[in-house]
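Here is the structure we will look at.
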Protein chains: 2
Amino acid sequence: METMRWEDNKLVLIDQTKIPQEISYVTCRTYQDVAEAIKKMVVRGAPAIGAAAGFGMALAARRFDGNDLEQFREFLACAAEELKLTRPTAVNLFWALDRVKRVIDSCSDFRKLPEEILNEAWAILQEDIEINKMIGKFGSKLVPQNARILTHCNAGALATGGYGTALGIVRTAHKEGKEIQVYADETRPLLQGARLTAFELMEDGIPVTLITDNMAGYAMKKGLIDLIIVGADRVTACGDVANKIGTYGVAVLAKAHGIPFYVAAPVSTFDLSLSSGDEIPIEERDAQEVREIYGYPTAPAGVPVINPAFDVTPHQLITAIITEKGIIHSPNEANVHLSLS
Amino acid sequence: METMRWEDNKLVLIDQTKIPQEISYVTCRTYQDVAEAIKKMVVRGAPAIGAAAGFGMALAARRFDGNDLEQFREFLACAAEELKLTRPTAVNLFWALDRVKRVIDSCSDFRKLPEEILNEAWAILQEDIEINKMIGKFGSKLVPQNARILTHCNAGALATGGYGTALGIVRTAHKEGKEIQVYADETRPLLQGARLTAFELMEDGIPVTLITDNMAGYAMKKGLIDLIIVGADRVTACGDVANKIGTYGVAVLAKAHGIPFYVAAPVSTFDLSLSSGDEIPIEERDAQEVREIYGYPTAPAGVPVINPAFDVTPHQLITAIITEKGIIHSPNEANVHLSLS
């Protein structure tokens, strides 16, 4: 099962809003289709969004029918702007579009541009899988034999080009023969933990137990959790981490119980232009997501709601961040800088 | 809207599994009907369960057709045993059945017993409403003007004979003209916060904002919460509190943010025979509740699950417990004892 594939000059995405009830695919023929798929979370997870945006640019490039390089660049800049407006928090989206922009800027032959952009999109996707495997290798060193690992949301194969960041570490530890056990927070409102993490791990035969988000404290107090690994949507220069709503609460609980709290994030998730997590824009999503599940009302119609899609975990609560370059222990501005330079 | 009423010698319960989609009622003709309604959470909330069990005993008494007082007592003891087996955590169930037992033990005329039991059930219900109002009066002193109050699950009119414990305080503060605002955790898996708390408060015109359980940390960090008030299912001699799963996590978050964490509980919720919260039996409910919402699957079929219905908040995390006798500040064994004696 692939998060995305390029087929007949179209981007085919597995529809993550339908898993596990249905394994179906959404075919994107235009960059607008990709933008829509990102907004609706057909594709989600910071690295996967980045890769999808890259292919979105490849689709945009195929639509230009002029013969002027400058016009082509302007056309592509507009497409990039539209893709950037889909979701504000995950920085990989902007990172991927910046990579594509560098290709556009350096290409001097407009006839070659579509292929060069497509090659860059492919590179982003392929590199992401390799990066995940490196994260897995480094991160697995932190996972003891028989570890019981809590994770939140889905930082798995489906959130990335494949393999996963947090779940990449889980997969590596499992492959290395460690008898691990995963606890998955269901992750309301959109249930990525229940639907995607539980599904991925069951498919791979890795033991997983599903809990509701509000059981994490109980599980820690009962001694059921040895460590926590989550993904990230944006990491600042000091190591503050934006990730799926609820991550911060898990981190506070981990601290209170003396349980290590790890973040798995590729270097592309770092935004060194931000000094603190307070500067990360937090997406506020549709209120209806909180008032219902699959269109079925779970609350009185019209009840006021807040629906922040992410929260920020300050670096003081993070035991280590694992990137493809290694492990950043007790992250802060100095050692984030040291590790990434 | 009443949680329960006694009508034509039957117990009529509002069906709390259907609110807010449907306002419907379940009529209990036998004590077995009441036991079933408690198990299925047609009626839930510690004080409401206690009152319902009292009426369950009144229904049992009406079924006995012998004329021997000892046989009658044995028959009623069996009914009480069955009612006790419905749910293990909320102590009010046992407390109410003990009250009824004292009536049974002291009654010397078997012909008068059905009426005396019914009177006791009525007394339990009526006293509960009065007790809630006392809790409201004491508790409201802790609620400042313009307070933003987070609550978890439903400790409202529907959880009690009427008025509510935690929401009784909210109601009193509102009635006293304080411009309060409530944040309600939705409270997975059974969504009592989304379905019942939001519904009750909207009916009463008290401003309420619904959040998913995993947003509580975000809300506290953003400065949206001034204090927390929850109910209780069992309070030990040292002030440890069993309450709906997720309460403990909220208490840990409150401590981390320096936000007062209050528990509203009638004296009937105290179990002074237990010295610590570790001794409280925690009900484990059906796994399917975590795997689905309203019968619609939210996770892969057969995924392993834990489903503890309650957790325990140690007294060290509790700012005060509010009973009908007053406020127990910084609860511990000494001041719980002092306050209740």
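Chain identifiers are assigned alphabetically (A, B, ...) following the order of the sequence lines, protein sequences preceding nucleic acid strands; residue numbering begins at 1 within each chain. Treat the numbers as computed from the prediction; the structure is a model and nothing was measured.
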- Portion of P20(A) that has a non-hydrogen atom of chain B nearer than 4.5 angstrom: side chain
- Query: Is it the backbone or the side chain of A198(A) that comes under 4.5 Å from a heavy atom of chain B, or both, or neither?
  - Reply: both
- Under 4.5 Å from a heavy atom of chain B, the part of V312(A) involved: both
- Is chain B contacted by the side chain of A301(A), its backbone, both, or neither, given a heavy-atom distance below 4.5 Å? backbone
Taking donor and acceptor roles from the modelled atom types, list the N and O pairs under 3.5 Å across chain B and chain A.
from	atom 1	to	atom 2	distance (Å)
Q21(B)	NE2	P297(A)	O	2.8
E186(B)	OE1	R188(A)	NE	3.3
E186(B)	OE1	R188(A)	NH2	2.7
E186(B)	OE2	R188(A)	NE	2.7
R188(B)	O	N214(A)	ND2	2.9
R188(B)	NE	E186(A)	OE1	3.3
R188(B)	NE	E186(A)	OE2	2.7
R188(B)	NH2	E186(A)	OE1	2.7
L210(B)	N	P304(A)	O	2.8
D213(B)	OD2	N214(A)	ND2	3.2
N214(B)	O	G246(A)	N	3.4
N214(B)	ND2	R188(A)	O	2.9
N214(B)	ND2	D213(A)	OD2	3.2
K221(B)	NZ	V312(A)	O	3.0
G246(B)	N	N214(A)	O	3.3
Y248(B)	OH	H257(A)	NE2	2.6
H257(B)	NE2	Y248(A)	OH	2.6
P297(B)	O	Q21(A)	NE2	2.8
P304(B)	O	L210(A)	N	2.8
V312(B)	O	K221(A)	NZ	3.0

- Query: In terms of heavy-atom proximity below 4.5 Å to chain B, should M202(A) be classed as side chain, backbone, both, or neither?
  - Reply: side chain
- So do the side chains of V305(A) and I211(B) get within less than 4.5 Å of each other, counting heavy atoms only? no
- Note on the structure: Most heavy-atom pairs under 4.5 Å with chain A, out of A216(B), A299(B), G217(B), G302(B), belong to A299(B)
- Between the CD1 atom in I306(A) and the CG atom in L224(B), the distance rounded to the nearest 0.5 Å is 5.5 Å
- Would you mind checking which part of L201(A) comes under 4.5 Å of any heavy atom in chain B, side chain (CB onward), backbone (N, CA, C, O), both or neither? neither
- Note on the structure: Looking only at V252(B), L196(B), I19(B), I245(B), most heavy-atom pairs under 4.5 Å shared with chain A are made by I245(B)
- Max heavy-atom pair count under 4.5 Å with chain A, selected residue of A251(B), G246(B), P300(B), G249(B): P300(B)
